[in-house]
Amino acid sequence: GSCSMLLLTEDSIIAARDKYGRTPVIVGQKDGAHAITSETCAFPNLGYDVCYNLGPAEIVEVKADGITKLKEAEKTMQICAFLWTYYGYPVCEYEGKNVDLMRYESGLEMGRNDDTEVDFVSAVPDSGIGMALGYSQGKGVPYQRGIVKYTPTWPRSFTPSTQERRELVAKMKLIPNKTLLKDKKVIFCDDSIVRGTQLRDNVKDLFDCGAKEVHIRISCPPLIYPCKFLNFTASKSDMELITRRVIQRLEGRHDKDLQEYATTDSPKYKAMVESIREELGLTSLKFNSIETIVKSIGLPKCCVCTHCFDGSSFD
Ligand code: SF4
């Protein structure tokens, strides 16, 4: 696992970032006061500006009038790529890179290289929106809201502990726009496919609304290894991942040739993606590559954790 922490003392806060910096710890400042967060979206409306990003394993003591280093940062960083593609709130910045901008740029790059003929590009809201805007720009077709989120009062759909409740939340909060979808060929951008159950239901709804073609584009590569650091993908076992179930079907074992399956455009990768496409009932399916994600984040590959896509790890 991986853990950052804040300790509240009588007159200070001691902040410690996890060993490999998988999650951010950021100090904000206003008029002689300091605040600490992992999500910079907490700052603007409270009047704080970012003044310091802790490095991996760094420990600082923060008082109203200043910051004292208790332990220097380590050099090796493995910040979670999933923060940008899914978890982060769009206005947040980690290591100076804005979440929405990263999503836009990764969609832009994918859209430029996609020759599928469609009427418009849309998003599975909210986390697919930044990518879809970039995709639409890169591909040169309009962005329209084929699905709209009903209300932010529903929790995130992975949060409830039972699958039944997760599916209910996922269904209730997304409403397809029938008028826009009828007889149209549409690309939908989404953040990731974990189990695939939510997406399969959403896609069925889109076809039921009269969509002629539903093409799904995913902002990260296939999730092949469960997260052992943060449990961000919320999967408890390998077999909860749709990729592993497909590999089991194709190979008779869910853990065979994983590196080949993780290699974009290898024959095994293509067979896995095709099998997922078929299972979810999609017209076409494409995943982003690790290279495009890392390029869009703007940090060197060695500084970004991509374990759940390629199994790479420092631990
Ligand atoms: S394994 Fe995946 S979700 Fe976990 S820290 Fe690494 S990139 Fe993030």
Side-chain angles (χ1 to χ4, degrees), residues 1-5 16-26 38-40 53-58 73-90 92-95 97-99 102-103 105-106 127-128 130-131 156-159 166 190-196 198-199 218-244 247 254-255 258-259 261-264 269 272 276 287-315:
S2 164
C3 180
S4 294
M5 62 174 76
R17 188 172 176 189
D18 66 273
K19 185 175 171 189
Y20 290 122
R22 286 185 211 278
T23 47
V25 176
I26 298 154
S38 61
E39 299 291 304
T40 57
N53 284 272
L54 271 72
E58 185 171 350
E74 298 292 337
K75 288 199 171 54
T76 307
M77 179 157 72
Q78 283 285 280
I79 187 165
C80 171
F82 228 48
L83 284 167
W84 281 278
T85 56
Y86 175 40
Y87 258 79
Y89 203 66
C92 285
E93 291 192 1
Y94 316 118
E95 305 301 324
K97 183 69 185 195
N98 183 271
V99 169
M102 179 276 170
R103 291 177 185 172
E105 284 172 7
S106 71
S127 46
M131 176 196 179
R156 283 188 135 174
S157 46
F158 64 79
T159 318
R166 280 198 292 268
D190 200 358
D191 52 71
S192 57
I193 304 179
V194 182
R195 297 171 187 81
Q198 291 172 15
L199 189 58
I218 301 294
S219 71
C220 64
L223 300 168
I224 293 181
Y225 301 84
C227 176
K228 55 183 181 176
F229 312 111
L230 310 169
N231 202 21
F232 267 14
T233 44
S235 54
K236 293 182 177 50
S237 77
D238 294 356
M239 288 302 281
E240 283 190 37
L241 298 171
I242 192 169
T243 52
R244 293 299 188 102
I247 294 169
H254 73 86
D255 56 355
L258 296 185
Q259 277 309 305
Y261 283 103
T263 305
T264 308
Y269 172 96
M272 175 183 70
I276 296 172
F287 291 85
N288 212 343
S289 66
I290 291 183
E291 291 73 25
T292 302
I293 283 197
V294 171
K295 187 176 157 199
S296 308
I297 290 171
L299 293 172
K301 164 82 170 78
C302 61
C303 296
V304 181
C305 178
T306 55
H307 171 82
C308 48
F309 317 130
D310 61 6
S312 62
S313 173
F314 277 78
D315 237 345

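Every number for a ligand or one of its atoms is a count from 1 in the order of the listing.
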Ring-plane angle category for Phe309 and Phe82, please: parallel below 30°, perpendicular beyond 60°, tilted otherwise. tilted
Please find out if atom 4 (Fe) of ligand 1 and some N, O or S atom of Cys308 are separated by less than 2.8 Å. no
Are side-chain heavy atoms of Cys220 and Asn288 found at a separation under 4.5 Å? no
Salt bridge check: are Arg17 and Glu58 linked by an N-O gap of less than 4.0 Å? no
What atoms of ligand 1 come closer than 4.0 angstrom to any heavy atom of Cys80? 3 (S), 5 (S), 7 (S), 8 (Fe)
Of the listed options (Cys305, Ser2, Gly311), which comes nearest to atom 6 (Fe) of ligand 1 when hydrogens are ignored and any heavy atom counts? Cys305
At less than 4.0 angstrom from any non-hydrogen atom of His307, what atoms of ligand 1 do you find? 1 (S)
Looking only at heavy atoms, the pair that brings Ala81 and Val304 closest together is CB-CG1, 3.6 Å
